[in-house]
Protein chains: 2
Amino acid sequence: MSQKEKVCQQKLIVTRDALEVIQGKWRIPIVLALTFGDKRFGEIQRDIVDISPKMLSQELKSLETNKIITRTLYDSMPVTVEYSLTPLGHSMKKLLDELLNWGVTFRKEVVGR
Amino acid sequence: MSQKEKVCQQKLIVTRDALEVIQGKWRIPIVLALTFGDKRFGEIQRDIVDISPKMLSQELKSLETNKIITRTLYDSMPVTVEYSLTPLGHSMKKLLDELLNWGVTFRKEVVGR
DNA sequence: GGAAGTAGTTACCGTTGGGTAAGTACCAAA
DNA sequence: TTTGGTACTTACCCAACGGTAACTACTTCC
């Protein structure tokens, strides 16, 4: 196997690992919403209007187990829960920026505006 | 709605549009493989060892309709087909780099190398 | 007491993403 | 004529992703 092919193989492995974690319709949008500051369940739901509470709950859990966000319960009245990005979550910002950037490019090229 | 919330909304819209195009297990890996040069069907299959011909064919078509790759048929003996990135496809390189970068970070943090 | 807001959970169901296996069609070399 | 290489397509099936709707539990406000 050539050097080039080896590099290709390694990049593919790492990229596919990363993809597994951020796959799906909702995980990236949730992380993006949290880059604007810590938010409560209801706030995220209001940002991402068409996500159901079931999916939001499910995806928040998945992001928590992958150490991308943390869940903090405040014993206030009424009980509130805040979600925030971990350092690992914050480390996704450049990735999110590039995704947004490319989204703009794609929009111009294909969608036509 | 505050200025911040408006920005959040707009970013969410564009990002979700972009996500739709690159979603799934295989599209990003295929594009990544093609950043190493134009390739034939069989070559991509050898790079991404566990992709089935069905999925490869299906995802190549999807990438073609979204103008990310082009399909060129060479009337040689035997007939060969080459897939290559369009300018829009090439514009994904920074995104792929960041995904790889983050993949490395994630690996260190969670998988534990 | 009833409504409304907090943060979810549960049950049910349908679509689609993806896997397996086999088949197609063409050509070349042995 | 059989094998092998090119590039797929087709049929079948299952699990996971995601949607809808209803329900829970607690508290405060009216």
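Nothing here was measured: the structure is a model prediction, and the numbers come from that model. The chains referred to below are lettered A, B, ... by the order of the sequence lines, with proteins before strands, and numbering in each begins at 1.
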Do [X] and [Y] have side chains that get closer than 4.5 Å, going by heavy atoms?
X: V31(A); Y: I22(A); result: no
X: I44(B); Y: L34(B); result: yes
X: Y74(B); Y: V79(B); result: no

[X] has an atom [atom1]; how far is it from atom [atom2] of [N], in whole Å?
X: E82(A); N: dA7(C); atom1: CD; atom2: P; value: 9 Å
X: E43(B); N: dC8(D); atom1: CD; atom2: P; value: 13 Å
X: Q45(B); N: dT6(D); atom1: CD; atom2: P; value: 10 Å
X: L56(A); N: dA7(C); atom1: CG; atom2: P; value: 10 Å

Pairs satisfying salt bridge (charged side-chain N to carboxylate O under 4.0 Å, His left out), at least one member in residues 65-74 of chain A, at least two apart: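 Matches after skipping sequence neighbours: none remain.
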Give me, pair by pair, the N or O atoms of the protein and of nucleotides 23-25 of chain C that are less than 3.5 Å apart, along with how far apart they are.
none

Within the pair [X] and [N], is there a side-chain N or O less than 4.0 Å away from OP1 or OP2?
X: S57(B); N: dT9(D); result: yes
X: K61(A); N: dA7(C); result: no
X: Y74(A); N: dA7(C); result: no

Of all the choices, [options], which nucleotide is nearest to the side chain of [X] once you look at every atom?
X: V81(A); options: dT9(C), dT6(D), dA7(C); result: dA7(C)
X: R40(A); options: dA7(C), dT9(C), dC8(D); result: dA7(C)
X: F41(A); options: dA7(D), dT9(C), dG8(C); result: dG8(C)

Closest approach of [X] and [Y], non-hydrogen atoms and distance?
X: A18(A); Y: G103(B); result: CB-CA, 3.7 Å
X: N66(A); Y: L88(A); result: O-CD2, 3.6 Å
X: T15(A); Y: L99(B); result: CG2-CD2, 3.6 Å
X: Q45(A); Y: P53(A); result: NE2-CD, 3.4 Å

Which pairs, protein N/O on one side and nucleotides 3-5 of chain C N/O on the other, fall under 3.5 Å?
none

Please check if atom CD in E20(B) has more than 12 non-hydrogen atoms from other residues, nucleotides or ligands closer than 6.0 Å.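 Not more than 12 within 6.0 Å, no.
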Can you check nucleotides 15-19 of chain C for protein contacts, nitrogen or oxygen pairs under 3.5 Å, and list what you find?
unit_1: dG18(C); atom_1: OP1; unit_2: K25(B); atom_2: N; d: 2.8
unit_1: dG18(C); atom_1: N7; unit_2: K54(B); atom_2: NZ; d: 3.3
unit_1: dG19(C); atom_1: OP1; unit_2: K25(B); atom_2: NZ; d: 2.8
unit_1: dG19(C); atom_1: OP2; unit_2: W26(B); atom_2: NE1; d: 3.3
unit_1: dG19(C); atom_1: N7; unit_2: K54(B); atom_2: NZ; d: 3.1
unit_1: dG19(C); atom_1: O6; unit_2: K54(B); atom_2: NZ; d: 2.1

Taking only residues two or more places apart in sequence or in another chain, which ones pass salt bridge (Lys or Arg N to Asp or Glu O under 4.0 Å) with E43(B)?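 By the salt bridge (Lys or Arg N to Asp or Glu O under 4.0 Å) rule, E43(B) matches R40(B).
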Please confirm whether the backbone N or O of T35(A) pairs with a side-chain atom of K93(A), one donor and one acceptor, at under 3.5 Å?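 Pair absent, no side-chain N/O of K93(A) close to backbone of T35(A).
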Does R16(A) come within less than 4.0 Å of D50(B), counting only side-chain N to carboxylate O?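 Here R16(A) pairs with D50(B) in a salt bridge, since their nearest N and O are under 4.0 Å apart.
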Between residues 28-35 of chain B and DNA chain C, which residues have a heavy-atom gap below 4.0 Å?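 Residues of residues 28-35 of chain B under 4.0 Å from DNA chain C: none.
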After noting the C-alpha distance and the side-chain angles of T86(A) and T70(A), does the key distance pass the side-chain hydrogen bond (donor to acceptor under 3.5 Å, both in side chains) rule? CA-CA 6 Å; T86(A) 61; T70(A) 51; over 6 Å; no
Dump the intermediate steps for side chain to side chain contact (heavy atoms under 4.5 Å, CB included) on T80(B) and F41(B), then the final yes or no. CA-CA 9 Å; T80(B) 55; F41(B) 192 91; over 6 Å; no
